[in-house]
Student: 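The structure follows.
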Amino acid sequence: MQTAIIVGLILAILWFVEKMLGTPMVIRPIVVSTIVGAALGDLQTGILVGATLELVFMGFIQVGGAVPPDVLVGAGLGTTFAIMSGNGADVALALALPIALLAQSLKVIVFIVRSWFMDFAMRLAKEANIKGLITLNIAGLLLQSAMYFVVAFVAILFGSNAVEAFINNIPEAIKNGLEVAGGLLPAVGFALLLLPMMNKNNVLYFLLGFALFAYLNLPVLGITLFGVVLAFVIVFEMKGKQGETTEASTTDEEELFDV
């Protein structure tokens with residue numbers, strides 16, 4: 001009961017803070033899992049699970065009307081069940097994505113309910129009722145925060161024993177398969193992130209990073225530092241030179257017409 005209340009409050013508060021403070025990214029798995037781990041007395045597992053799930057959910061962001069799997073619920077409950085079962089990141093990886101997909105459907109239902117108040121919001125806007133609009137906005141956020149609390153509370157209170165029993169009865173062969181799948185899921189997360197970004201202009205940078213890792217055996221930190229320096233050179237040095245060239249050409253044309 002206590003664990004269910006704690007995790008439910010954490011998810012509800014994090015969602016409210018995320019929307020009230022202009023999306024400071026506090027609902028990302030690396031933050032959610034760390035806070036849940038600290039609250040449940042296992043900070044190390046929380047950080048490990050959060051870093052692992054962040055790789056998986058890195059490409060899951062809400063763009064326009066598209067509602068992706070809910071990373072807040074997936075990370076929060078995945079971390080909770082991982083700590084309660086004592087099986088760590090493997091359990092979180094196995095449970096986080098299905099939980100996030102289920103929460104996605106519930107989130108859409110809340111969005112539908114909130115859409116019923118759009119006419120009222122338009123009327124308040126026409127009347128320039130700022131206080132009413134603020135109150136309505138906060139009420140909508142509180143409604144969604146309540147959804148997160150209820151989902152986490154019910155899932156942990158009634159589902160923890162079932163989850164633990166399910167995990168304890170998983171055959172070793174399937175557990176090994178989950179470990180292999182867990183190693184592949186971060187690659188899927190990166191692929192989802194690269195999918196809308198990859199084009200003919202930046203594919204060479206991807207191939208360069210792959211070559212540095214695969215053939216020169218550079219660590220990830222080394223490749224990251226190399227990428228930062230390369231980005232700085234391209235953005236500031238080369239762009240600056242192009243700007244100077246354009247300015248010089250303009251000056252020459254002006255001098256030509258001044259004669």
Student: Drop me the distance from L48's CG to D42's CG, to the nearest 0.5 angstrom.
Tutor: 9.5 Å

Student: Could you walk me through whether I30 and M25 pass the side chain to side chain contact (heavy atoms under 4.5 Å, CB included) test, one step at a time?
Tutor: CA-CA 10 Å; I30 189 66; M25 295 296 177; over 6 Å; no

Student: To the nearest 0.5 Å, what is the distance between CZ (R123) and CG (L133)?
Tutor: 11.0 Å

Student: Starting at OG1 of T34, measure out to CD of Q44 and round the result to the nearest 0.5 Å.
Tutor: 12.0 Å

Student: Which distance, rounded to the nearest 0.5 Å, do you find between the CD of E18 and the CG of L141?
Tutor: 11.0 Å

Student: Under the side chain to side chain contact (heavy atoms under 4.5 Å, CB included) test against T80, which residue among I10, L40, L11, I6 passes?
Tutor: L40

Student: Is there a side-chain contact between N137 and I134 (heavy atoms, below 4.5 Å)?
Tutor: no

Student: Mind listing the closest non-hydrogen atom pair of V36 and G76 along with its distance?
Tutor: CG1-O, 4.2 Å

Student: Just how far is it from atom CG of L212 to atom CZ of F226, taken to the nearest 0.5 Å?
Tutor: 5.5 Å

Student: Hydrophobic cluster membership, with links at side-chain heavy-atom distances under 4.5 Å among I/L/V/M/F/W/Y: are I223 and L221 in one?
Tutor: no

Student: If two hydrophobic side chains count as joined below 4.5 Å and joins carry through other members, does M84 share a cluster with V151?
Tutor: yes

Student: Could you walk me through whether L142 and F16 pass side chain to side chain contact (heavy atoms under 4.5 Å, CB included), step by step?
Tutor: CA-CA 7 Å; L142 290 175; F16 189 81; 3.9 Å; yes

Student: Between T79 and S33, is there a donor-acceptor pair closer than 3.5 Å when you use the side chain of the first and the backbone of the second?
Tutor: no

Student: Does the side chain to side chain contact (heavy atoms under 4.5 Å, CB included) test come out yes or no for L208 and L230, once each step is laid out?
Tutor: CA-CA 11 Å; L208 176 61; L230 182 62; 4.0 Å; yes

Student: Rounded to the nearest 0.5 Å, how far apart are CG of N129 and OG1 of T135?
Tutor: 8.0 Å

Student: Please say yes or no: joined through hydrophobic side-chain contacts below 4.5 Å, possibly via intermediate residues, are I138 and V26 part of one cluster?
Tutor: yes

Student: Cluster question for you: counting only ILVMFWY and a side-chain heavy-atom cut-off of under 4.5 Å, with indirect links fine, are V31 and I47 together?
Tutor: no

Student: Linking I/L/V/M/F/W/Y whenever any side-chain heavy atoms sit under 4.5 Å apart, do V228 and L218 land together?
Tutor: no

Student: Under 4.5 Å between any side-chain heavy atoms of V49 and I83, yes or no?
Tutor: no

Student: Measure up the Y148 and W15 rings against each other and bin them: parallel (under 30°), tilted (30 to 60°), perpendicular (over 60°).
Tutor: tilted

Student: May I ask you to decide if the ring planes of F149 and F153 are parallel, tilted or perpendicular, using 30° and 60° as cut-offs?
Tutor: parallel

